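Convention: sequence-line order gives letters A, B, ...; per-chain numbering from 1. Owing to the predicted nature of the structure, the values given are computational and were not obtained by experimental measurement.
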Protein chains: 2
Amino acid sequence: MTATTLHRPTHRDALSLLEAAFGDGRLVTVFGRCTVEYDGRASSTLGAGDRLVVCKPDGTILVHTDQNRKPVNWQPPGCTHRASVRDGRLRIRSSRTTPDETLDVRFERLDQVTAYEVNDRSDLSLQGSEEDLRQRILEDPALVEEGFEPSATERETAAGPVDIFGEDAEGRPLVVELKRRRVGPSAASQLQRYVEALETEFAADDVRGILVAPSVTDRTSELLEENGLGFVALEPLAREAADGAGD
Amino acid sequence: MTATTLHRPTHRDALSLLEAAFGDGRLVTVFGRCTVEYDGRASSTLGAGDRLVVCKPDGTILVHTDQNRKPVNWQPPGCTHRASVRDGRLRIRSSRTTPDETLDVRFERLDQVTAYEVNDRSDLSLQGSEEDLRQRILEDPALVEEGFEPSATERETAAGPVDIFGEDAEGRPLVVELKRRRVGPSAASQLQRYVEALETEFAADDVRGILVAPSVTDRTSELLEENGLGFVALEPLAREAADGAGD
DNA sequence: CGTTGAATCTCGACT
DNA sequence: AGTCGAGGTTCAACG
């Protein structure tokens with residue numbers, strides 16, 4: 001039996017299932033009317049309402065309403081779940097240290113409690129990250145510029161590490177800043193700081209900077225021009241139709 | 001009845017409940033063995049495993065494994081859920097446009113399907129945010145410095161909007177940058193850019209900058225000194241024991 | 001441990 | 001719809 005369910009259980013019966021499930025590594029969902037209090041890095045209170053509470057065997061707890069991707073309250077992995085009954089009401093408390101944080105869920109009404117046995121050894125395979133973009137360019141540096149020769153990634157500068165560092169066709173230092181999606185002015189000023197840091201380091205004034213991203217905002221485009229920085233439109237994934245690539 | 005549950009249903013019975021629930025705004029959970037494919041801003045594939053799938057009436061879909069706070073796959077609010085049966089297997093597809101994104105969940109085994117009616121009008125009350133820190137300072141500007149007189153929040157500069165702008169006891173322009181938690185060098189350079197932008201704007205060289213945060217890293221402290229910027233240790237919430245406030 | 005930076009960031013606010 | 005900035009960001013990598 002991979003799923004054990006109680007419908008409209010008493011708070012004590014719910015407690016029994018929760019304690020058993022916490023003990024043997026099952027994932028638990030509780031649906032009902034509850035209030036939630038959190039105290040830790042910040043603090044919050046949430047009045048009564050119907051919510052889906054998910055307790056994972058790794059110590060994660062999620063409180064979901066009928067809206068939004070983000071849980072309205074939560075605890076990260078590594079927390080300790082404890083269930084109890086106070087004044088005849090089920091309470092789930094999840095806490096951790098460093099930092100000290102506590103989440104309290106008090107149920108006024110229980111609609112359903114379920115414990116699931118989970119078997120999942122499969123890992124997610126994701127494409128389209130900034131890392132993919134880096135790989136793409138290192139395999140074919142001409143995507144940035146004909147004659148570009150990368151010499152290092154994550155090279156340290158006084159302004160922080162740069163994504164790709166190398167030389168252009170004429171032997172000038174070239175800094176490449178990567179962004180996996182459309183970027184604003186912050187990326188341009190970050191690139192400018194790298195260029196300035198390297199010009200100081202080399203006591204030179206011919207360090208070049210190129211921003212590689214799918215597209216940039218208008219203001220960013222101005223900033224790049226003002227600072228003599230370049231831009232190359234490139235997406236982390238090669239698309240069949242390069243429809244909205246240029247901007 | 002706020003919760004309707006099917007145990008080990010046929011894929012067709014599950015489809016019926018899903019279609020009904022999607023139609024009348026219920027929240028649905030499906031637990032079973034499934035594969036997941038995503039394509040949109042990035043793309044991913046996930047092999048077969050046991051997962052909890054949550055479909056919210058606002059168009060959110062979450063695929064949770066037994067680990068981590070983050071769903072292994074998801075779609076944000078505003079998506080359209082569609083359920084179907086192909087080759088005798090339940091499939092849930094959630095998609096949207098701008099950007100084009102699709103999530104496909106195919107079930108090999110169904111353990112449980114539940115539809116919940118959710119009533120939740122309660123709003124979260126959160127304390128300890130940067131907004132709280134701003135309030136604290138505007139109510140008592142001396143927390144930053146004796147004689148500080150704020151004149152504007154979110155004042156625009158060439159380097160972007162500054163958190164709090166005003167004058168010090170001697171009438172010099174003063175920029176305050178707020179951070180709700182311990183900060184790194186980026187906050188210091190951001191503040192420096194504000195000061196420089198305002199010195200250009202005023203054609204002056206006496207613009208001051210103060211960083212307000214619970215604490216700063218060592219390197220950041222150096223950066224602040226180098227640039228003649230100030231630092232005030234302050235937390236968004238007044239704590240009973242100001243234990244780790246100074247740094 | 002803390003520190004750093006990406007993320008299918010999410011989310012709200014504002015233009 | 002696009003842009004911007006905060007977040008109890010989360011998360012993994014690295015020192």
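Following rounding to the nearest Å, Glu131(A) (CD) and dC14(D) (P) show an atom-to-atom distance of 10 Å. Atom CG of Asp163(A) and atom P of dA7(C) are 10 Å apart (whole Å). Distance, Leu178(A) CG to dA7(C) C1': 15 Å, rounded to whole Å. For the pair Arg134(A) CZ and dA7(C) P, the computed distance is 9 Å after rounding to whole Å. Atom-to-atom, CD of Glu156(B) to P of dT3(D) comes out at 16 Å; the value is rounded to the nearest Å. In this structure, CG of Leu126(A) is placed 9 Å from P of dA7(C), rounded to the nearest angstrom. A straight line from CG of Asn73(B) to C1' of dA7(C) spans 14 Å, rounded to a whole angstrom. Between Gln127(B) atom CD and dG7(D) atom C1' there is a gap of 16 Å when expressed in whole angstrom units.
Applying the side chain to side chain contact (heavy atoms under 4.5 Å, CB included) rule to Arg106(A) yields the partners Thr35(A), Arg91(A), Asp104(A); only residues at least two apart in sequence or on another chain are considered. Applying the side chain to side chain contact (heavy atoms under 4.5 Å, CB included) criterion to Pro173(B), with sequence neighbours excluded, gives Phe165(B), Phe202(B), Asp206(B), Val207(B). Qualifying ring-ring contact (aromatic ring centres under 6.0 Å, His included) partners for Phe107(B), counting only residues two or more places apart in sequence or in other chains: none.
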Could you run through nucleotides 9-15 of chain C and give me one letter per nucleotide, 5' to 3': B if any protein heavy atom sits under 4.0 Å from the base, S if only the sugar-phosphate is that close, - if neither?
SSSS---
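Contact annotation for Ser129(B): backbone-only contact, meaning every heavy-atom pair under 4.0 Å involves sugar-phosphate atoms and none involves a base.
dC4(D) and dG8(D) have their P atoms separated by 22 Å, with the value rounded to a whole Å. For the P atoms, the distance from dC11(C) to dC11(D) is 15 Å, rounded to whole Å.
Checking Val72(B) against Thr220(B), the closest nucleotide of DNA chain C that is more toward the 5' end is the one next to Thr220(B). Remark on DNA chain C: of its neighbouring residues Glu130(A) and Arg219(B), the 5'-side contact belongs to Arg219(B), judged by nearest-heavy-atom nucleotide.
Candidate nucleotides dT4(C), dG5(D), dG8(D) were compared by shortest atom distance to the side chain of Pro161(B), and dG5(D) ranks first. Among the nucleotides dT3(D), dG8(D), dT4(C), the one closest to the side chain of Ala42(A) is dG8(D).
There is no side-chain donor-acceptor pair under 3.5 Å between Gln75(A) and Tyr38(A). One side chain, Asn73(A) or Ser44(A), offers a donor N or O that lies under 3.5 Å from an acceptor on the other.
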Could you tabulate the donor-acceptor pairs under 3.5 Å formed by side-chain atoms of residues 51-62 of chain A, not counting sequence neighbours?
unit_1: Arg51(A); atom_1: NE; unit_2: Asp120(B); atom_2: OD2; d: 2.8
unit_1: Arg51(A); atom_1: NH1; unit_2: Cys34(A); atom_2: O; d: 2.6
unit_1: Arg51(A); atom_1: NH1; unit_2: Gly47(A); atom_2: O; d: 2.7
unit_1: Arg51(A); atom_1: NH2; unit_2: Gly47(A); atom_2: O; d: 2.9
unit_1: Arg51(A); atom_1: NH2; unit_2: Asp120(B); atom_2: OD1; d: 2.9
unit_1: Arg51(A); atom_1: NH2; unit_2: Asp120(B); atom_2: OD2; d: 3.3
unit_1: Lys56(A); atom_1: NZ; unit_2: His64(B); atom_2: ND1; d: 2.8
unit_1: Lys56(A); atom_1: NZ; unit_2: Thr65(B); atom_2: O; d: 2.8
unit_1: Lys56(A); atom_1: NZ; unit_2: Gln67(B); atom_2: O; d: 2.9
unit_1: Lys56(A); atom_1: NZ; unit_2: Asn68(B); atom_2: O; d: 2.8
unit_1: Asp58(A); atom_1: OD1; unit_2: Thr60(A); atom_2: N; d: 3.0
unit_1: Asp58(A); atom_1: OD1; unit_2: Thr60(A); atom_2: OG1; d: 2.8
unit_1: Asp58(A); atom_1: OD2; unit_2: Thr60(A); atom_2: OG1; d: 3.3
unit_1: Asp58(A); atom_1: OD2; unit_2: Asn68(B); atom_2: N; d: 2.6

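Residue pairs meeting the side chain to side chain donor-acceptor pair (under 3.5 Å) criterion with at least one partner in residues 122-131 of chain B, sequence neighbours excluded, are Ser43(A)-Gln127(B), Ser125(B)-Gln127(B), Ser129(B)-Asp132(B), Glu131(B)-Arg134(B), Glu131(B)-Gln135(B).
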